[in-house]
Amino acid sequence: FFKILVKIKPEEFDDLAWSKKDAKEKAPNVYMIADELTKLSWLVRHEILLAKDEKERIKAFEKYCGIMAHALKNNDIGIVNAIYSTMVSA
């Protein structure tokens with residue numbers, strides 16, 4: 001994640017390039033970050049909601065709470081935000 005983040009160039013934010021149809025070309029690094037966070041959000045949501053029972057849901061929830069705590073220690077706010085946002089909206 002960080003390897004992609006440090007590659008972002010200021011011009012990738014010009015005219016909201018990351019949100020246009022040609023985002024992959026005009027803002028490739030911002031696009032990749034957004035795509036990875038979307039995948040993470042999907043994974044968290046599905047692992048928690050599709051758990052076979054309450055015990056497994058709690059286990060998955062606690063797993064992602066631990067990942068958030070670790071990410072926060074490393075200042076990976078994007079990861080924390082992606083997981084937290086998923087948890088409060090699921």
May I ask you to decide whether Lys39 forms a salt bridge with Glu36, counting only side-chain N to carboxylate O separations under 4.0 Å? yes
Is Arg57 paired with Asp53 through a side-chain N to carboxylate O contact shorter than 4.0 Å? no
Taking CG in Asp15 as the centre, count heavy atoms belonging to other residues, nucleotides or ligands within less than 6.0 Å. Is the count above 12? no
For Glu25, I'd like to know if atom CD has over 12 heavy atoms of other residues, nucleotides or ligands within 6.0 Å. yes
Side-chain ([X]) to main-chain ([Y]) donor-acceptor, under 3.5 angstrom:
| X | Y | result |
| --- | --- | --- |
| Glu47 | Ala60 | no |
| Ser19 | Leu16 | yes |
| Glu12 | Trp18 | no |

Report the distance from atom [atom1] of [X] to atom [atom2] of [Y], rounding to the nearest 0.5 Å.
| X | Y | atom1 | atom2 | value |
| --- | --- | --- | --- | --- |
| Ile48 | Lys59 | CD1 | NZ | 13.5 Å |
| Arg45 | Leu40 | CZ | CG | 10.0 Å |
| Ser41 | Tyr84 | OG | OH | 14.0 Å |
| Lys26 | Asp14 | NZ | CG | 9.5 Å |

For the residue pair [X] and [Y], establish whether any side-chain heavy-atom pair is separated by less than 4.5 Å.
| X | Y | value |
| --- | --- | --- |
| Lys7 | Met32 | no |
| Ile83 | Ile79 | yes |
| Met68 | Met87 | yes |
| Leu72 | Ile77 | yes |

Using the rule that two of Ile, Leu, Val, Met, Phe, Trp, Tyr join whenever any of their side-chain heavy atoms come within less than 4.5 Å, decide whether [X] and [Y] are in one cluster.
| X | Y | result |
| --- | --- | --- |
| Ile33 | Leu43 | yes |
| Val88 | Leu37 | yes |
| Phe13 | Leu5 | yes |

Looking at every heavy atom in both Val6 and Lys3, which two are closest together, and how far apart are they? CG2-O, 3.4 Å
So which heavy atom on Ala17 is nearest to which on Ala27, and how close? C-CB, 4.0 Å
Residues 50-81 vs ring pair (Phe, Tyr, Trp, His ring centres under 6.0 Å), sequence neighbours excluded, gives none
Just grab all the ring pair (Phe, Tyr, Trp, His ring centres under 6.0 Å) pairs involving residues 23-43, residues at least two apart or on different chains. Trp42-His46
